[in-house]
Amino acid sequence: MEQKYLIRTFGCQMNEHDSERIGGLLLSDGMSPTNDAADARVIVLNTCAIRENADNKLYGNLGHLKPLKDRRPDLKIVVAGCLAQKDQGLIQRKAPWVDVVIGTHALPNLLELLRRAEIEGPQMDVREYTETFPSALPAARADDVRAWVSVAVGCDNACTFCIVPLVRGPQRSRSIGEILAEVQDLASRGVTEVTLLGQNVNTYGRDLTVPGSARRPLFARLLREVDGVTGIRRIRFTSPHPHDFTSDVIDAMAGCEHVCEHIHFPLQSGSDRVLRAMRRSYRRERYLEWLARIRSAIPGVAVSTDIIVGFPGETERDFEDTLDVVGRATFDSAYTFQYSPRPGTRAATMEDQVPKDVVQERFDRLLTLQERVSLERNRAQVGRTFEVLVEGEGKRDGSTQARTRTNRIVHLAAPLQRGTFADVRVTAASAHHLTGEVVSVQEALVV
Ligand code: SAH
Ligand code: SF4
Ligand code: F3S
């Protein structure tokens, strides 16, 4: 009987992309995917360590899997991802029924570890350095129209709240040639949208330039090269750092036909005092000036952001500074987070941790403001016509979900096939999506 695998993914896009590679490895070993844990021979939990609730989710899931493992000892349970890298031996101490703990740098060894676990019992590989890019492994891609392409792994920054440099290591970039070969291959198989992935994606290539000379990122060049790949109609990237939106990157975004008019511009805080304590290199006025520059260089660009509420020492005054910047920046959307202390980071041991009820109250105020701004920004789109790419079925029968180049979700009443490009007129707006009607359907590209 064919053996099945199940992968649960808890983290960001890079984590999801790693899951595609894990799936690819298991497929190449003759297995097939299932959604049913009871059917699975291998269950992989691909974890995230960014906030505390991510930890809780892992141990909750492992608790649920214990009775299954007791009934079926041949089941193999794998913990992968950032929490595997961070908690290492702790996972098997807390949950001895875990067969394999595999860190972020060790993915290529998965099949070997599973084989060894069969014979020798529990295995762990949490090496500290990436030798093979996950992109070099086979992939079981979740989507045949849009694809993630890993361009760099790791992060050289040291934002004091963030666990990522500890679990993903320093930045290592892939060569432009390798990236282009992957994008060309995807395009030849009908993919029309690529999202370039890196923990600090717009410093791509800084580690590739000759040591000793000015170590410049090559991100602008990468955008131009990917823009030239025939068949790719949309290019996105995540996640960037405001500091690294240098003029050459903005010029490349403005000049490349296929680079979408959307930028993620993570603010984190609107208070200069807090930004300094976070070790974010920009300050509020500089951030707003730069945003204005981007908006004038790229007409119609949509801007999203990340904001943390309740960083240690954040006062009411600091928080009001955040509200002030949010009001002035008029983001199209924002991911808002309550600060979560991560053991091992600088901020976790800072004094003046903000009480939970204060964080919650500020968080609610921020959300209310941003919802209002998002709604206004979306309402301003009503009556306009945009090109969308159909991503799949909508919630209602016969409906479709599509996305603008500016990353806005559009609900359509018409049943259109995934991968279709269409022009739609926006008829209504809410804070998180638009509703539209189809003006014309572009002929689907046949590859
Ligand atoms: N590389 C990305 C960040 C990835 S983490 C960047 O530099 O923008 C995504 C977001 O999670 C961060 O932007 C931050 O807003 C949030 N985050 C990271 N660590 C956090 C923590 N300890 N508590 C709460 N939110 C956090
Ligand atoms: Fe974390 Fe992003 Fe800062 Fe890197 S740049 S340390 S990933 S928040
Ligand atoms: Fe989480 Fe790791 Fe991504 S900590 S946010 S899965 S890089």
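Start at 1 and go down the list; that is how both ligands and their atoms are numbered. Remember, predicted model here, so these are calculated numbers, not experimental data.
- V303 places a side-chain heavy atom less than 4.5 Å from the side chain of R295.
- Taking all heavy atoms of V153, N15, I163 into account, the minimum distance to atom 6 (S) of ligand 3 is reached by N15.
- Judged purely by distance below 3.5 Å, without hydrogens or angles, the side chains of Q360 and Q338 pair a donor atom with an acceptor atom.
- Atom numbering of ligand 2 starts at 1 in the shown order; those under 4.0 Å from a heavy atom of C155 are 4 (Fe), 5 (S), 6 (S), 7 (S).
- Within ligand 3, counting atoms from 1 as listed, the ones closer than 4.0 Å to a heavy atom of C82 are 2 (Fe), 4 (S), 6 (S), 7 (S).
- A heavy-atom distance below 4.5 Å is found between the side chains of M350 and T160.
- A distance of 7.5 Å separates CG in D332 from NE2 in H262, rounded to the nearest 0.5 Å.
- When only interatomic distances are considered, the shortest N/O to N/O separation between H241 and ligand 1 does not fall below 3.5 Å.
- At a 4.0 Å heavy-atom cut-off, ligand 1 touches F337 through the side chain alone.
- For ligand 2, the atoms closer than 4.0 angstrom to any heavy atom of R280 are 3 (Fe), 8 (S).
- With rounding to the nearest 0.5 angstrom, the CD1 atom of I7 is 12.5 Å from the CZ atom of R21.
- Scanning all protein heavy atoms for the shortest distance to atom 5 (S) of ligand 1 gives I50 CD1, 3.5 Å.
- Between the CZ atom in R346 and the SG atom in C159 there is a gap of 11.5 Å [rounded to 0.5 Å].
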Item to check | Audit row: R146, E16, salt bridge (Lys or Arg N to Asp or Glu O under 4.0 Å) steps and yes/no | outcome: CA-CA 13 Å; R146 297 176 302 150; E16 290 195 34; over 6 Å; no

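- You'll find the side chain of D29 stays beyond 4.5 Å of the side chain of L114, heavy atoms only.
- Each of the atoms 3 (Fe), 5 (S), 6 (S), 7 (S) of ligand 3 lies under 4.0 Å from some heavy atom of C12.
- Within the 4.0 Å heavy-atom criterion, the part of P266 lying near ligand 1 is the side chain and not the backbone.
- A heavy-atom distance below 4.5 Å is found between the side chains of R342 and D55.
- Nearest protein heavy-atom neighbour of atom 4 (C) of ligand 1: S239 OG, 4.4 Å.
- The line from CZ of R317 to OG1 of T322 is 12.0 Å long, rounded to the nearest 0.5 Å.
- In this structure, atom 21 (C) of ligand 1 lies nearest to the protein heavy atom S340 O, 3.6 Å.
- Counting heavy atoms under 4.0 Å from ligand 1, residue Q199 touches it through the backbone alone.
- What sits closest to atom 1 (Fe) of ligand 3 on the protein, heavy atoms only, is C48 SG, 2.3 Å.
- With a heavy-atom cut-off of 4.0 Å, R51 touches ligand 1 through its side chain alone.
- The nearest heavy-atom contact from the protein to atom 3 (Fe) of ligand 2 is C159 SG, 2.3 Å.
- Of the protein's non-hydrogen atoms, the one nearest atom 5 (S) of ligand 2 is N157 ND2, 3.3 Å.
- By the criterion of a heavy-atom distance under 4.0 Å, the side chain of R168, and not its backbone, is placed next to ligand 3.
- Here's the thing with N200: none of its N/O atoms is less than 3.5 angstrom from an N/O atom of ligand 1.
- Looking at atom 7 (O) of ligand 1, its nearest protein heavy atom turns out to be R280 NH1, 3.9 Å.
- Using a 4.0 Å heavy-atom cutoff, Q199 is listed among the residues neighbouring ligand 3.
- The shortest contact between atom 13 (O) of ligand 1 and any protein heavy atom is with D306 OD2, 2.6 Å.
- Between E316 and R362, the shortest heavy-atom distance links the atoms N-NH2, 3.3 Å.
- Within the 4.5 Å cutoff, the side chain of H241 has heavy atoms near those of the N202 side chain.
- The aromatic rings of Y335 and F337 lie parallel to each other, their planes meeting at an angle below 30°, with 60° marking the opposite boundary.
- Residue-to-ligand polar distances keep R342 apart from ligand 1: every N/O pair is separated by 3.5 Å or more.
- Regarding atom 24 (C) of ligand 1, its nearest protein heavy-atom neighbour is Q338 O, 3.4 Å.
- Distances from ligand 3 to the non-hydrogen atoms of A49 include at least one value under 4.0 Å.
- Ring centers of Y204 and F237: at least 6.0 Å apart, outside the cut-off.
- L26 places a side-chain heavy atom less than 4.5 Å from the side chain of L111.
- Looking at M278 and I308, their side chains come closer than 4.5 Å, going by heavy atoms from C-beta outward.
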Next on the checklist: Pair Q381, T404 - check side-chain contact (heavy atoms from CB on, under 4.5 Å), show working.
Outcome noted: CA-CA 11 Å; Q381 315 304 319; T404 63; over 6 Å; no

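- Heavy-atom contacts of H241 reach the following atoms of ligand 2: 5 (S) (cutoff under 4.0 Å).
- No option in W290, Y287, F265, Y282 other than F265 meets the ring-ring contact (aromatic ring centres under 6.0 Å, His included) test with F245.
- The nearest protein atom to atom 19 (N) of ligand 1, hydrogens excluded, is given as F161 CD1, 3.3 Å; this is a heavy-atom distance.
- Looking from atom 1 (Fe) of ligand 2 to the surrounding protein, the closest heavy atom is C162 SG, 2.3 Å.
- Counting protein heavy atoms only, atom 14 (C) of ligand 1 is closest to Q268 OE1, 3.4 Å.
- Remark: minimum distance from atom 2 (Fe) of ligand 2 to any protein heavy atom is reached at Q199 O, 4.3 Å.
- Less than 4.0 angstrom separates some heavy atom of V164 from each of these atoms of ligand 2: 7 (S).
- For ligand 2 and P165, the ligand atoms under 4.0 Å from any heavy atom of the residue are 6 (S).
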